[in-house]
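Below, all heavy atoms of this structure are taken into account, side chains as well, without hydrogens, waters or symmetry copies. In this chain, numbering begins with 1 at the start of the sequence shown.
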Amino acid sequence: SNCTFFYEKILETYDVLFCSMKKTALYIIDSLSGIGGAEMMMVSPLEEVHKVYKIIIVTLKPGNAFENMGFVCDEHYCLHMHSRKYIFSAAAQLKKIVTETNVDLVHSFLYWSVVVARLACGKKTTHIFSLATIMSEHVDLDKWYSRYTQLIDKITYNKVLAKIRRLQK
């Protein structure tokens, strides 16, 4: 399927980045308490990725709807970020996890997890982020909030040297 082909390409990219050595990949997402598109995009390849990499899962909020569905990971942390005002605390906790577990790659999903990961990773840790929607789609609903998120993006965003292209069957 297209999904399998896509994740095979991600694994090839991981192999190129890390010379096929057993490394640690950390996945961070806002929550796993529901089963949505981003959650499925993150959880689906874990079994295959786990054959090559140690997997650490980090969530901003508690809950795991995937627990009884063959959920694959070596360690699972929750940062208990119940409000956006705790974003810097969550970033500090994530940075500590990244440092203590010698994480080689951080892959973040969904807006607030991306921001926390950007703050925690700095320039030393490889960070990939996946977004299924436009980061500031709320621009017409709340002008102040939009300016706030644009400022966060400006402060935390580092240019990525990667080309995205449509995968062929």
So [Y] and [X], do their side chains get closer than 4.5 Å, heavy atoms only?
| X | Y | result |
| --- | --- | --- |
| L32 | T59 | yes |
| Q93 | V116 | no |
| D30 | M81 | no |
| Y27 | V49 | yes |
| K61 | S33 | no |
| L26 | T125 | no |
| F129 | R118 | yes |

Specify the closest pair of heavy atoms between [X] and [Y], including all atoms of both residues, with the distance to one decimal.
| X | Y | answer |
| --- | --- | --- |
| P62 | C78 | N-SG, 3.3 Å |
| A91 | A120 | O-CB, 3.4 Å |
| H76 | C73 | CB-SG, 4.0 Å |
| L94 | A117 | CD2-CA, 3.7 Å |
| Y77 | I97 | CG-CD1, 3.7 Å |

### Message
Can you confirm whether Y86 is buried at OH, in the sense that more than 12 heavy atoms of other residues, nucleotides or ligands lie under 6.0 Å from that atom?
### Response
no
Could you give the distance from [atom1] ([X]) to [atom2] ([Y]), rounded to the nearest 0.5 Å?
| X | Y | atom1 | atom2 | value |
| --- | --- | --- | --- | --- |
| S31 | W112 | OG | CH2 | 16.0 Å |
| I55 | E47 | CD1 | CD | 11.0 Å |
| H127 | L119 | NE2 | CG | 10.0 Å |

### Task
Measure the acute angle between the ring planes of F109 and H107, then classify it against the limits of 30° and 60° as parallel, tilted or perpendicular.
parallel
## Note on the structure
Per side-chain contact (heavy atoms from CB on, under 4.5 Å), I57 is matched among L46, V43, I29, I28 by L46
### Query
Quick one: which of L105, V106, V103 gives a side-chain contact (heavy atoms from CB on, under 4.5 Å) with C121?
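With C121 as partner, L105, V106, V103 yield a single side-chain contact (heavy atoms from CB on, under 4.5 Å), made by V106.
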### Message
Treating D74 as the side-chain partner and I56 as the backbone partner, does any N or O pair qualify as donor plus acceptor under 3.5 Å?
### Response
no
